[in-house]
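As structure tokens, the structure follows; a few thoughts come after it.
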Amino acid sequence: MKSISLALIAAVVAGTASSAAFAAENWDMPMAYPADNYHTENAQMFADAVDECTGGELKITIHASGSLFKGSEIKRAVQVGEAQIGERLLSAHANENAVFGYDSVPFLATSFEASDTLREAAEPTLTKVLQAQGLTPLYSVPWPPQGLYFAKPVASTADMAGIKFRAYNAATARVAELAGMIPTQIEAAELKQALSTGVISSFISSGSTGVDEKVWEDLTHFYDTKAWLPRNTIFVNTAALDALGETEQGCLTSLASEAQERGLATAAELADGFLKTLADNGMTVEEAGADLAAELAGIGETMTGEWLESAGDDGAAIVDAYKASQ
Ligand code: PCA
């Protein structure tokens, strides 16, 4: 009797184990930007490659344009396990920890190459901060250099006084304040509407977002200030990651590093074309004039000091590692 029940238990346990091993995992991946943006397309390639690498054991469904969770909600959703993986402009969470704003320090890294060096320098610190929140970073991809969009020519901050400005993080809001503008935090998914209804008439972003949102319908000028290259970071809920088998974890990690390289290459390849599209659609695309450039440099110095102060030892570690690898 005893041996029969033991055999039965063994069979049941084996059955459970094998069915668990063969049940495919389905992960949701909320993203904030449009399906045809290169960040989203890159993530779709990543998801397809994970599917193939795991033999269908891990399927990642991408939800673009903030359709599952709005940009501002994605990080929290992954932290609490409402989604297993997500993409977010982490600098928008610099109010939680200034380290998240490492990629939006004005004029610290202004080219794709410098931005990648900065990413590498920040990786240990950023990983530590995210791990403490139950998140594991997988990869990150830069946006092209940030420039200023306006509905009129702007030669200096005097021309910016009182303009209503769309911010996407604390750094962009601070640029606006220091330049005498009035910032409002608005997700890219709501940018088009904010422009067409006159809620804002200026913002700082890349040519990529300008093209995504066809901003030439409301704006006339783009000043290519190359202030910084912010990044979208792809992270997973650490508990969900740990629950995967070794093969699946290995696929995620190695394909993430491929996605990171591919994303950087694509961003660099597309950057000039975005500016050309703005110009082709009638916008004036030029560098900031001497007065504006000098004032922006001053704003950058102020903000670098402020960031270093708020990011403390972690911020210093990032900047030191960055300077050492230049
Ligand atoms: N586009 C994103 C962030 C930076 C960028 O170039 C946005 O404007 O929301």
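We count ligands from 1, going down the list as the structure has it; atoms in each ligand are counted the same way.
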Distance-only, no hydrogens or angles: does the T225 side chain make a donor-acceptor pair with backbone N or O of Q146 under 3.5 Å? yes

Does D159 use its side chain to pair, donor to acceptor, with the backbone of A155 at less than 3.5 Å? yes

Quick one: nearest non-hydrogen protein atom to atom 5 (C) of ligand 1, plus distance? S205 OG, 3.1 Å

What are the atoms of ligand 1, with element, lying closer than 4.0 Å to any heavy atom of A188? 9 (O)

Applying a strict 4.0 Å limit to heavy atoms, is E187 in contact with ligand 1? no

Quick one: look at Y33 and ligand 1, take heavy-atom pairs under 4.0 Å, and tell me if it's side chain, backbone, both or neither. side chain

N237 and Q84: side chain donor to acceptor below 3.5 Å: no

Where on R166 is there a heavy atom closer than 4.0 Å to ligand 1, on the side chain, on the backbone, on both, or on neither? side chain

Salt bridge check, K276 against D272: does any charged N sit closer than 4.0 Å to a carboxylate O? no

Ligand 1 contact by P230, heavy-atom criterion under 4.0 angstrom: yes

Examine the side chains of D48 and Q44 and answer whether a donor and an acceptor come within less than 3.5 Å of each other. yes

Ligand 1 N/O within reach of Y168 N/O, cut-off under 3.5 Å: no

Atom 1 (N) of ligand 1 - nearest protein heavy atom and its distance: T209 OG1, 2.6 Å

Please walk me through it: do M31 and I62 pass side-chain contact (heavy atoms from CB on, under 4.5 Å)? CA-CA 7 Å; M31 302 183 76; I62 284 169; 3.7 Å; yes

Measure L89 to ligand 1 on non-hydrogen atoms and call it side chain, backbone, both or neither using the 4.0 Å cut-off. side chain

Who's the nearest protein heavy-atom neighbour of atom 6 (O) of ligand 1, and how far? S206 OG, 2.5 Å

Look up atom OG1 in T184 and atom CZ in R166, then write down how far apart they are to the nearest 0.5 Å. 11.0 Å

